[in-house]
Amino acid sequence: MAQKPAIPKGTRDFLPAEVAKRNYMFATIKEVFRRYGYAPIETPSFELSTTLMGKYGEEGDRLIFRILNSGEKMKKADLDALAQDNLPRFANSLAEKALRYDLTVPFARFVVQHQNELTFPFKRYQIQPVWRADRPQHGRYQEFTQCDVDVVGSDSLLYEVELIQIFDEVLSNLSLPGFSIQINNRKVLSGIAEVCGVSERIIDLTVALDKLDKIGEDGVIDELKAKGFAPTSIEKIKPLFAFEGSNDSKMNLMRSYLASSEIGLKGLDELAEVFEQISELGLQRGELIFDLTLARGLNYYTGAIFEVKAKDVKMGSICGGGRYDDLTALFGLKGLSGVGVSFGADRIYDVMTELELFPKELNRTLDILFVNFGASEAKHGLKLLQQVRNLGLAAEMYPSAAKLQKQLKYANDRNVAYVVIIGEEEAAAGMLSLKNMETGAQEQLSSADFLTKCGQLF
RNA sequence: GAGGUUGUAGCUCAGUUGGUUAGAGCGUCGGAUUGUGAUUCCGAAGGUCGCGGGUUCGAGACCCGUCUUCCUCCCCA
């Protein structure tokens with residue numbers, strides 16, 4: 001055998017059974033999005049490098065797939081930059097385009113570009129693949145699909161509430177047994193930084209705090225020390241480690257902790273409003289948790305921050321999102337607040353596969369198989385086959401008069417529901433045998449009765 | 001981007017301190033008194049051992065490189 005072909009790391013092929021499951025998942029997600037008034041849009045797989053670069057921080061830039069200039073454009077390569085060891089500049093001269101890294105930044109670009117054609121608040125959803133030059137791991141791919149819902153042009157907290165409901169509804173509809181919807185607010189984090197006297201270092205602070213459940217209190221303190229935080233600041237952070245209990249009691253603790261921070265209290269007010277509305281509306285299977293340590297690296301968030309984790313599985317966050325007040329400002333449109341969340345389709349798929357949550361009938365791509373006994377019997381069968389297809393059923397005839405054993409095995413492997421047998425005996429009697437592949441039961445029917453039954457069964 | 005790890009038949013894996021034609025289970029294909037699957041029995045096919053180089057009389061086993069897998073960090077869906 002020749003050298004086996006391969007696909008790049010972190011990418012996957014999807015077999016028919018997998019596509020069926022993925023389509024089911026996407027259909028469930030879209031249906032919820034639609035009912036909340038979001039309409040689908042699509043944007044190109046690749047954008048101009050300038051659109052993407054610098055929007056995700058230094059780490060993010062490194063993970064953006066660049067598209068090499070082709071033809072004459074290759075001559076634009078900045079060899080001086082290479083000689084000076086300025087690799088970023090060299091790379092920019094080589095690649096003017098890049099694969100999209102997420103759907104949010106392209107969306108911001110989209111909104112600014114089409115601002116005069118849109119009605120605000122503009123609600124859109126977008127389900128498309130994104131690419132990251134990350135190192136593949138469990139639940140981490142270089143090509144994966146995000147399902148984003150965003151609304152821009154309103155700062156109403158109604159949308160935070162709505163997005164939480166969408167989290168809950170989508171994941172409940174997908175039968176996830178349990179999941180936590182963690183929420184925090186960037187203003188609260190700003191307040192903490194203010195109280196600790198490190199306002200200008202909020203990113204370092206929150207990144208360290210974000211790791212609390214992973215590396216523990218000492219780990220966080222060590223990291224802060226390593227980053228050069230003053231002992232007095234670290235002392236002021238310590239009370240946060242005792243931050244436990246119900247959402248209400250956490251809110252109370254934070255009210256006194258942030259008493260001196262105007263912005264911090266504003267963040268708490270926003271959270272309180274969301275909690276109140278959600279507790280009135282209720283959630284199906286999700287649990288809304290105020291998680292003070294939730295920070296998320298994306299530095300464009302300005303208000304609410306969300307993250308969703310599935311319970312009882314080893315998997316990172318399956319959804320994330322938040323409010324951003326200035327994202328479109330990066331492309332020249334100020335004063336437009338947005339909030340949105342993203343469902344990680346591939347992780348949700350992995351979780352659902354692990355928990356066996358996909359409906360079993362999804363791998364049925366054929367309802368009825370007609371057994372082939374040779375040209376003369378097949379003739380009659382082919383007419384019936386056409387009528388069955390007209391009823392909307394997936395049906396086909398086995399292509400050759402192979403042994404019955406083989407044809408039934410084919411039906412079995414394809415998970416066919418019913419097999420129609422028209423052999424010499426049946427043809428002579430003007431009947432057909434209908435075999436239920438699940439029970440093995442078989443009955444003789446006239447063509448008319450068979451078609452009636454088809455209409456009832458499916 | 002840093003460190004570690006993995007790669008043998010379609011799949012899951014054996015393969016003894018380097019030694020003839022590299023094995024198993026499952027799956028696939030064929031057959032078992034002529035028309036009955038998923039559970040029986042018999043048989044067959046299928047691998048230049050990820051790829052490239054090196055050491056050796058001799059490499060699936062050892063060394064180097066490379067790609068890939070999974071893991072930790074980083075970051076994230």
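Here is how names work: the chains are called A, B, and so on, in the same order as the sequence lines, proteins then strands, and each is numbered from 1. The model shown is predicted, which means the values in this text are computed figures rather than measured ones.
- A gap of 45 Å separates the P atoms of C49(B) and G35(B), to the nearest Å.
- Within the structure, a side-chain polar atom (N or O) of Lys409(A) is placed less than 4.0 Å from OP1 or OP2 of U28(B).
- Looking at every heavy atom in both residues, Ser154(A) comes nearest to Tyr159(A) through OG-CE1, 3.4 Å.
- Using a 4.0 Å heavy-atom criterion, one finds that Gly57(A) contacts no nucleic acid atom at all.
- With C1' as the reference atom, U5(B) and A24(B) are 26 Å apart, rounded to whole Å.
- Contact annotation for Met315(A): no contact, since no heavy-atom pair falls under 4.0 Å across all strands.
- Nucleotide U20(B) has no partner under the Watson-Crick or G-U criteria, as no pair reaches both atom distances under 3.5 Å.
- No more than 12 heavy-atom neighbours from other residues, nucleotides or ligands sit within 6.0 angstrom of CD on Glu42(A).
- Judged by distance alone, with hydrogens and angles left aside, Arg414(A) brings no side-chain donor or acceptor close enough to the base of G37(B) to form a pair under 3.5 Å.
- Atom C1' of nucleotide C67(B) and atom CZ of Arg135(A) are separated by 13 Å, given to the nearest angstrom.
- No contact: Ser342(A) has no heavy atom under 4.0 Å from any strand.
- The distance between the ring centers of Phe343(A) and Phe167(A) falls below 6.0 angstrom.
- Residue-to-nucleotide contacts include no donor-acceptor pair under 3.5 Å from the side chain of Lys9(A) to the base of U68(B).
- Residue Tyr141(A) is in base contact, counting any heavy-atom pair closer than 4.0 Å across all strands shown.
- Looking at Thr328(A), Asp148(A), Val152(A) one by one, the single match for side chain to side chain contact (heavy atoms under 4.5 Å, CB included) with Phe107(A) turns out to be Val152(A).
- With Tyr349(A) as the fixed residue, the ring-ring contact (aromatic ring centres under 6.0 Å, His included) test singles out one of Phe358(A), Tyr141(A), Phe14(A): Phe358(A).
- For the contact set between residues 398-408 of chain A and RNA chain B, defined by any heavy atom under 4.0 Å, the members are Lys403(A), Leu404(A), Gln405(A), Lys406(A), Leu408(A).
- On the P atoms, G15(B) is 15 Å away from A9(B), given to the nearest whole Å.
- Separating the CD1 atom of Ile215(A) from the C1' atom of C74(B) is a distance of 12 Å, rounded to the nearest angstrom.
- One can place CD of Gln137(A) at 15 Å from P of A77(B), the figure rounded to the nearest angstrom.
- Within the shown strands, A2(B) is the pairing partner of U72(B) under the Watson-Crick or G-U definition, both distances less than 3.5 Å.
- Pairing partner, A45(B): none, since no Watson-Crick or wobble contact has both distances short of 3.5 Å.
- No hydrogens or angles were tested; on distance alone, nothing pairs the side chain of Arg140(A) with the base of A77(B) as donor and acceptor under 3.5 Å.
- Within 4.0 Å (heavy atoms only), Glu426(A) reaches at least one base atom of the nucleic acid.
- Spacing between A14(B) and G52(B) at atom P, rounded to whole Å, works out to 24 Å.
- With centres under 5.5 Å and a plane angle under 30°, the ring of Phe144(A) is stacked against the base of A77(B).
- For residues 34-45 of chain A, proximity to RNA chain B is found at no residue, defined as any non-hydrogen atom under 4.0 angstrom from a strand atom.
- Using Watson-Crick or G-U wobble geometry with both donor-acceptor distances under 3.5 Å, G52(B) finds its partner in C64(B).
- Taking the P atoms as reference points, U12(B) lies 31 Å from C74(B), given to the whole Å.
- Screening Thr104(A), Asp102(A), Asp61(A) against Tyr56(A) for a side-chain hydrogen bond (donor to acceptor under 3.5 Å, both in side chains) leaves a single residue, Asp102(A).
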Inset, instruction - Test salt bridge (charged side-chain N to carboxylate O under 4.0 Å, His left out) on Asp168(A) and Arg285(A) and set out the steps. - result: CA-CA 7 Å; Asp168(A) 183 56; Arg285(A) 301 188 180 187; over 6 Å; no
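- Across every strand in view, G37(B) sits unpaired, with no contact that passes the Watson-Crick or G-U test at under 3.5 angstrom.
- Atom CG of Asp312(A) sits in a sparse spot, with 12 or fewer heavy atoms from other residues, nucleotides or ligands closer than 6.0 Å.
- For the pair Glu169(A) (side chain) and Ile166(A) (backbone), a donor-acceptor distance under 3.5 Å is absent.
- Comparing the same atom, P, in U69(B) and in G53(B) gives a spacing of 24 Å after rounding to whole Å.
- Remark on RNA chain B: of its neighbouring residues Ile318(A) and Thr439(A), the 5'-side contact belongs to Thr439(A), judged by nearest-heavy-atom nucleotide.
- In the displayed structure, Glu200(A) atom CD is contacted under 6.0 Å by more than 12 heavy atoms of other residues, nucleotides or ligands.
- Within 4.0 Å (heavy atoms only), Gln146(A) reaches sugar-phosphate atoms of the nucleic acid but no base atom.
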Inset, instruction - Please step through salt bridge (charged side-chain N to carboxylate O under 4.0 Å, His left out) for the pair Lys21(A) and Glu18(A), ending with a clear verdict. - result: CA-CA 5 Å; Lys21(A) 289 195 258 181; Glu18(A) 293 166 320; over 6 Å; no
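- Nucleotides A2(B) and C75(B), compared at atom C1', are 13 Å apart to the nearest Å.
- At the heavy-atom level, Lys211(A) lies under 4.0 Å from the strands shown only through sugar-phosphate atoms.
- Within 4.0 Å (heavy atoms only), Gly321(A) reaches no atom of the nucleic acid at all.
- Taking the C1' atoms as reference points, U17(B) lies 16 Å from U56(B), given to the whole Å.
- The neighbour count for Phe46(A) CZ, taken as heavy atoms of other residues, nucleotides or ligands under 6.0 Å away, does not exceed 12.
- Residue Gly60(A) is classed as having no contact, given no heavy-atom separation below 4.0 Å to the nucleic acid.
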